[in-house]
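Here is the structure we will look at, set down as structure tokens.
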Amino acid sequence: MIKDNLFFYIIGTHCCGKTSIINRLKSEGHIKFSGSEIGKDLYYKEKFLTSSQDIHFEHRVAGLELDRDKSFDDFQGIVVVETWHPGNIAYALLRNKDGCGDLLEYYKSSPFKKNAIGIWLVLSNPAETINQRTKTFIGDKDWAVEFYCAIQNSINDAVNMMGLKNSIIKISADDDADTVYKSVLDTIKAAKLSNHNYEYTDSHTIV
């Protein structure tokens, strides 16, 4: 039976290709709804220091994420959002670790907590990739490399903390953009056509 209503989130550190992939999925008509990374949107709007945000900011992002989840609750079609609660908690684990327990409550209130499918774009050498690709932090590449390499490690901690390792698919983000995009698209198509239970892996996409 074809599953028409699916909720995906794509996580990964800076420069792994999340935004470009989601935009392409939407523009090519493979998904009906998409959601950008809320914390990043706030950064571009307010121009704050990413690494110095306090626990009030983490709650702000988590609250906006939950509000968006609820707005999708009656959707008909495929939704793909960027970063979602696991990515938000990965940031919080670096910036405000002591408050992460409270942040989990936002995720637990999400209508998608039981059926969201995660796609994690992983860089084997994030330092090199971020140094080569970053445009947002071109004036402070050393900081970006240090902070976002730590984010990649923190994502793993967040996934384990939230008990999501059995519902997430890892895809190598080292390949060229078209290859990575095809892996993501194949994963979405496989989920649409199947009730297969995904298993967490250290390799490429499982379908």
Side-chain angles (χ1 to χ4, degrees), residues 7-28 30-73 75 77-96 99-100 102-107 109-113 116-121 123 126 129-130 133-141 143-145 147-152 154-155 158-159 162 164 173 177 180-181 184 188:
F7 184 93
F8 294 87
Y9 61 94
I10 298 180
I11 55 175
T13 194
H14 183 53
C15 294
C16 70
K18 303 182 299 295
T19 305
S20 297
I21 286 172
I22 292 174
N23 289 342
R24 184 172 171 184
L25 288 168
K26 182 75 178 293
S27 67
E28 293 184 359
H30 297 295
I31 62 176
K32 190 169 184 180
F33 304 101
S34 64
S36 57
E37 181 177 334
I38 290 173
K40 183 168 67 175
D41 292 343
L42 292 174
Y43 167 80
Y44 283 127
K45 181 179 180 181
E46 300 173 8
K47 298 298 183 183
F48 47 70
L49 185 60
T50 301
S51 58
S52 300
Q53 296 309 294
D54 62 15
I55 192 61
H56 300 290
F57 177 78
E58 314 292 6
H59 279 279
R60 181 184 176 195
V61 171
L64 290 170
E65 195 79 67
L66 178 58
D67 289 344
R68 183 168 66 185
D69 288 353
K70 291 177 178 178
S71 76
F72 285 138
D73 193 20
F75 74 99
I78 296 175
V79 174
V80 180
V81 300
E82 184 175 348
T83 300
W84 203 49
H85 298 281
N88 297 335
I89 287 181
Y91 278 91
L93 282 169
L94 286 183
R95 298 184 295 213
N96 300 286
C100 285
D102 292 337
L103 294 173
L104 280 174
E105 297 305 312
Y106 294 94
Y107 163 69
S109 298
S110 172
F112 303 111
K113 68 178 180 179
I117 300 171
I119 297 173
W120 182 3
L121 303 180
L123 295 168
T129 302
I130 292 165
R133 294 183 183 175
T134 187
K135 295 179 181 177
T136 305
F137 304 106
I138 197 167
D140 199 354
K141 287 187 176 183
W143 171 85
V145 166
F147 183 77
Y148 286 104
C149 283
I151 285 290
Q152 177 156 289
S154 190
I155 288 172
V159 166
M162 299 171 76
L164 295 174
V180 178
Y181 175 75
V184 172
I188 291 172

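- Within the 4.5 Å cutoff, no side-chain heavy atoms of I11 are placed close to those of L121.
- With sequence neighbours excluded, no residue forms a side-chain hydrogen bond (donor to acceptor under 3.5 Å, both in side chains) with N23.
- The ring-ring contact (aromatic ring centres under 6.0 Å, His included) test applied to H59 returns Y106, not counting sequence neighbours.
- Side-chain contact between T134 and H14 is present, with heavy atoms from C-beta onward closer than 4.5 Å.
- Using the six-membered ring where Trp is involved, Y91 and Y148 have ring planes that are perpendicular, over 60° apart on the 30 and 60° scheme.
- Every residue meeting the ring-ring contact (aromatic ring centres under 6.0 Å, His included) condition with Y9, not counting sequence neighbours, appears here in chain and number order: W84.
- Residues satisfying the side chain to side chain contact (heavy atoms under 4.5 Å, CB included) test with S51, not counting sequence neighbours, are L49, W143, F147.
- Here OH of Y107 is found 13.0 Å from CG of N88. Values are rounded to the nearest 0.5 Å.
- A salt bridge (charged side-chain N to carboxylate O under 4.0 Å, His left out) check over residues 10-23, counting only residues at least two apart or in different chains, returns nothing.
- By the 4.5 Å heavy-atom criterion applied to side chains, I31 and V79 are not counted as neighbours.
- Remark: E82 engages K40 in a salt bridge (charged side-chain N to carboxylate O under 4.0 Å, His left out) (not counting sequence neighbours).
- Contacts of T50 classified as side-chain hydrogen bond (donor to acceptor under 3.5 Å, both in side chains), with partners at least two apart in sequence or in another chain: none.
- Scored by the side-chain hydrogen bond (donor to acceptor under 3.5 Å, both in side chains) test, R133 finds no partners at all (sequence neighbours excluded).
- Checked against side-chain hydrogen bond (donor to acceptor under 3.5 Å, both in side chains), S34 has no partners two or more places apart in sequence or in another chain.
- Residues passing the ring-ring contact (aromatic ring centres under 6.0 Å, His included) test with F57, sequence neighbours excluded: F48.
- For the salt bridge (charged side-chain N to carboxylate O under 4.0 Å, His left out) condition, the pairs that include at least one residue of residues 49-58, sequence neighbours left out, are E58-R95.
- Every residue two or more places apart in sequence or in another chain that forms a salt bridge (charged side-chain N to carboxylate O under 4.0 Å, His left out) with R24 is listed here: E28, D178.
- No side-chain heavy atom of V81 sits less than 4.5 Å from a side-chain heavy atom of E37.
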